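One structure below.
Both ligands and their constituent atoms are indexed starting at 1 by order of listing. This one's a predicted model, so the numbers in the text were calculated from it and none came from an experiment. All residue numbers refer to positions in the sequence shown, counting from 1.
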Amino acid sequence: TSTPTSSASKSGSWSSFLKSMASFSGDLTSMTAPPFILSSTSLVEYSAYWGENPELFVAPTFEADPELRALSVLKWFLATLRRQYTSRNEKLGSEKKPLNPFLGELFLGVWKSEDPKVGDTRLISEQVSHHPPVTAYALINEKNGVRLEGYNGQKAGFSRMTISVTQIGHALLHLDQWDEDYLITLPSLHIEGLVTGSPFVELNKKSYIYSSTGYTATVDYSGRGWLSGKKNSFTATLQKDTASKPAYTISGQWSGDFVVKDANKKDIESYTSNSHPTTPLTLAPIEAQSPLESRKAWSKVAEALAAGDYEATSAEKSKIENEQRELRKKEKEEGKEWQRRYFSAVETDPRFEAIASKVGFSAETEKTGGYFWVFDGEKTKRADAEAAAPAQAPVAEQVVAE
Ligand code: HCR
């Protein structure tokens, strides 16, 4: 390949990258990272981290008491953090820069649980905006009437050798059986280890889970806190309305062990996130996937990256980017807009408003380009029918008038 791979040239390109970061702000897609820090996984795949423990995802619906349901939602959320924020480190040795999804890119799959009580959980993840990048997702467990919908964009900044990332968007968990909603806010994070060339994620500040039943879970991330001295530390509390005393407190490391205590500070449960088994996501075989599906669309880029051929990587990436540019140009000329397959942009989302207005959570910081993104059941029916039809519509025909 034409790209040097010796450790001297790697450290050379890493220090030029850090220098170039001095003037970086805003959109993570505008960051040009050295090839060895690129991952062949597209950001559209990251929505899958929400569902890798389907048994924990559906567990809240089996609780008859609203307080225990809220606790169960909090435990599931905490259990997702390790995969969301450390899995690249664990698999690839350091945090990597994901591929920047193209508009309309899809990641579709299903978690098939061996436990018949849990059943199947479907994943739909779609890149609904390219500039700014926004990924929308839905996880649906029909058997138990549990659904998570959400969308995610990021705003980033660089200072004092750290990349700070604010997540824009939220997730809403719905339990059919109890007609209950949970508004889940997303933690902000920063990238540590840039100076040593081994970046990793640490979470900061607080995130919340607000239940329509009046319970609020507050998760306070302290990182390598001065109290515990351990990375990925947190303390979470679950409280009803303005009650002074938390009903439950959970603390420990989100990437390791954590302990649940009741109101009397008695340990009632412990959880070890790094030994808890995950359920693999089942995808359609690559030949059966639509050209919009992530693994199929990026397959040549992934092959080139795996072979360490950075020239081919860049050529294959450019092909996709140029095709996308052409598509946008054509849409503009024809006065059309790319039709999202599973999600719609809305100005207000009543389920969000119902909870957010009660807890004083601002809608404005949640919108991307002035909109919320919501899962669209009607579009999904159409997309499912189309996918079941033998002939696949060519990508160019998937553009419809506004
Ligand atoms: C910041 C990040 C891209 C965004 C990733 C998000 C926020 C995406 C939504 C998921 O639900 C949660 C999530 C987890 C990731 O930790 C976070 C990524 C971590 C690094 C990556 C940067 C774009 C990479 C920067 C490049 C560095 C390593 C040089």
Side-chain angles (χ1 to χ4, degrees), residues 10-11 13-22 24-52 76-101 105 107 123 125-129 132-139 148-158 161-171 173 184-205 207 219 221 223 231-232 254-255 281 294 368 373:
K10 260 190 179 178
S11 81
S13 59
W14 188 248
S15 54
S16 343
F17 164 66
L18 292 182
K19 273 187 208 132
S20 75
M21 286 299 289
F24 167 85
S25 89
D27 188 342
L28 281 165
T29 55
S30 63
M31 176 196 295
T32 315
F36 59 83
I37 207 82
L38 298 182
S39 133
S40 55
T41 304
S42 161
L43 202 52
V44 79
E45 288 200 23
Y46 284 38
S47 313
Y49 294 134
W50 288 106
E52 293 182 328
W76 157 74
F77 171 79
L78 293 171
T80 67
L81 297 179
R82 183 183 138 257
R83 297 284 301 150
Q84 298 257 23
Y85 300 104
T86 66
S87 45
R88 278 86 48 201
N89 263 13
E90 285 168 4
K91 196 171 142 209
L92 311 165
S94 86
E95 188 55 74
K96 299 268 172 170
K97 185 174 188 290
L99 293 169
N100 178 22
E105 187 176 326
F107 190 58
L123 169 72
S125 179
E126 176 172 15
Q127 193 67 15
V128 291
S129 169
V134 183
T135 311
Y137 50 86
L139 280 78
L148 180 79
E149 287 176 45
Y151 61 95
N152 190 292
Q154 299 91 33
K155 255 191 207 158
F158 182 79
M161 288 298 163
T162 300
I163 302 171
S164 300
V165 180
T166 308
Q167 299 196 63
I168 302 164
H170 55 263
L173 179 76
I184 302 169
T185 74
L186 308 168
S188 53
L189 56 103
H190 63 273
I191 315 278
E192 294 192 9
L194 287 177
V195 178
T196 54
S198 46
F200 65 95
V201 169
E202 186 59 274
L203 299 179
N204 41 39
K205 302 187 188 162
S207 74
V219 189
Y221 306 93
K231 65 174 184 171
N232 310 149
W254 49 262
S255 57
L281 182 71
S294 188
T368 66
W373 286 96

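Per-residue contacts place F17 under 4.0 angstrom from the following atoms of ligand 1 (heavy atoms of the residue considered): 29 (C). Residue N152 approaches ligand 1 through these ligand atoms, each under 4.0 Å from one of its heavy atoms: 9 (C). Residue contact check: Q84 has heavy atoms under 4.0 Å from atoms 10 (C), 11 (O), 12 (C), 14 (C), 15 (C), 16 (O) of ligand 1.
Ranking protein heavy atoms by distance to atom 28 (C) of ligand 1, first place goes to P199 CG, 3.7 Å. The nearest heavy-atom contact from the protein to atom 13 (C) of ligand 1 is Y85 CE2, 3.7 Å. Scanning all protein heavy atoms for the shortest distance to atom 27 (C) of ligand 1 gives I163 CD1, 4.3 Å. Scanning all protein heavy atoms for the shortest distance to atom 25 (C) of ligand 1 gives M31 SD, 4.0 Å.
Taking the six-membered ring for Trp and thresholds of 30 and 60 degrees, W254 and Y85 have ring planes more than 60 degrees apart, a perpendicular arrangement.
For the side chain to side chain donor-acceptor pair (under 3.5 Å) test, no residue two or more places apart in sequence or in another chain qualifies with T32. Here F17 pairs with W14 under the ring-ring contact (aromatic ring centres under 6.0 Å, His included) rule; sequence neighbours left out.
Across the listed options Q154, R88, E95, Q167, R88 owns the non-hydrogen atom lying nearest to atom 17 (C) of ligand 1. When the heavy atoms of S188, P98, A48 are ranked by distance to atom 21 (C) of ligand 1, first place goes to P98.
With a heavy-atom cut-off of 4.0 Å, I191 touches ligand 1 through its side chain alone. With a 4.0 Å heavy-atom cut-off, ligand 1 is reached by no atom of A33. With a heavy-atom cut-off of 4.0 Å, Y49 does not touch ligand 1 at all.
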